[in-house]
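Here is the structure we will look at.
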Amino acid sequence: MGRAPRWTDDPARAELRAIYAEADAILAPFGCALSGECCDFANTGREPTPTAVEIAEVLHAARAIGGIKKRRSLPVAGSRVCALLGDDGRCRIYASRPFGCRTFFCDRITGPGKVPRDEIQRLSRKLAELSERAFRRDPRARPLSSALAEPLEALLSRAR
Ligand code: SF4
């Protein structure tokens, strides 16, 4: 089996970004005034579960910002804040954030009507299919906090 291309040149990355762009366009009319709150997994009681192909993009973005570093601010007792949330309350890899972060709805979402869940599910299936094709050995989704706790390079080399 040949070596996988660099992630920036990988056709799977282009497909992933096209799926993300489609999701962003579908959800553009929707929003939330409480940005950042859902990045505390203790607050929401759940967390995004990116597939291997999404983790590859997270790894790429994390490298570009100098790696996944410890937050400078002290954690609030009982919180479980994503390691990629900056001290300013913004996602440090916003353009590369996983699908679940883009579509993570709660009852506080505002918008012109009902969230198009069928469309989101269609894209979610497309994403799973892409991960299965591009990361054949271990394409599965895993909780974001577990993925970030592992050496991401090792995780991905096992997956491809
Ligand atoms: S990747 Fe970014 S948007 Fe997603 S939970 Fe982490 S900080 Fe929040």
Side-chain angles (χ1 to χ4, degrees), residues 7-8 10 12-111 115-117 119-128 130-131 134-135 138-156 159:
W7 185 239
T8 44
D10 197 314
R13 186 184 191 219
E15 282 189 60
L16 175 68
R17 287 161 70 94
I19 294 171
Y20 282 172
E22 208 180 327
D24 291 349
I26 290 168
L27 296 172
F30 297 90
C32 173
L34 299 166
S35 172
E37 276 200 14
C38 51
C39 304
D40 177 353
F41 309 140
N43 185 35
T44 57
R46 53 189 183 151
E47 63 178 287
T49 51
T51 52
V53 68
E54 295 174 89
I55 294 167
E57 179 64 15
V58 166
L59 171 62
H60 171 75
R63 260 202 228 105
I65 59 168
I68 300 165
K69 293 187 184 129
K70 280 208 151 113
R71 291 159 55 79
R72 281 196 299 274
S73 56
L74 289 173
V76 175
S79 71
R80 212 158 62 78
V81 174
C82 177
L84 292 165
L85 190 70
D87 288 306
D88 61 359
R90 290 170 184 269
C91 176
R92 297 168 65 223
I93 60 149
Y94 189 78
S96 298
R97 70 200 188 287
F99 188 73
C101 305
R102 293 163 198 265
T103 59
F104 197 53
F105 291 115
C106 65
D107 52 12
R108 292 180 297 208
I109 189 162
T110 56
V115 173
R117 295 197 186 277
E119 282 294 280
I120 301 303
Q121 276 167 11
R122 177 182 64 80
L123 291 176
S124 175
R125 285 194 295 272
K126 215 167 154 181
L127 197 48
L130 169 61
S131 197
F135 289 85
D138 189 359
R140 71 195 153 92
R142 59 256 290 157
L144 182 57
S145 57
S146 319
L148 295 178
E150 271 201 70
L152 292 179
E153 299 275 10
L155 190 153
L156 287 174

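In each ligand, atom 1 is the first atom listed, and ligand 1 is the first ligand listed. Reckoned from all heavy atoms, side chains included, excluding hydrogens, waters and symmetry mates. These numbers were taken from a predicted model, which means no experiment stands behind them.
At distances below 3.5 Å, not a single donor-acceptor pair connects side-chain atoms of Thr51 with backbone N or O atoms of Ala128. No donor-acceptor pair closer than 3.5 Å links the side chain of Ser96 to the backbone N or O of Val58. A donor-acceptor pair is defined here as one N or O able to donate and one able to accept, closer than 3.5 Å; such a pair exists between the side chain of Glu47 and the backbone of Ser145.
Ranking the protein heavy atoms by distance from atom 2 (Fe) of ligand 1 puts Cys91 SG, 2.4 Å first. Counting protein heavy atoms only, atom 4 (Fe) of ligand 1 is closest to Cys101 SG, 2.4 Å.
Note on Cys82: not counted as a metal contact of atom 4 (Fe) of ligand 1, no N/O/S atom lying under 2.8 Å. Here Cys39 meets the criterion, with an N, O or S atom under 2.8 Å of atom 8 (Fe) of ligand 1.
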Evaluation steps, side chain to side chain contact (heavy atoms under 4.5 Å, CB included), between Val115 and Thr103: CA-CA 10 Å; Val115 173; Thr103 59; over 6 Å; no
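Contact atoms of ligand 1 toward Leu85: 7 (S) (distance under 4.0 Å to a heavy atom of the residue).
Of the residues Glu57, Arg102, Glu15, Glu54, the one that meets the side chain to side chain donor-acceptor pair (under 3.5 Å) test with Tyr20 is Glu54.
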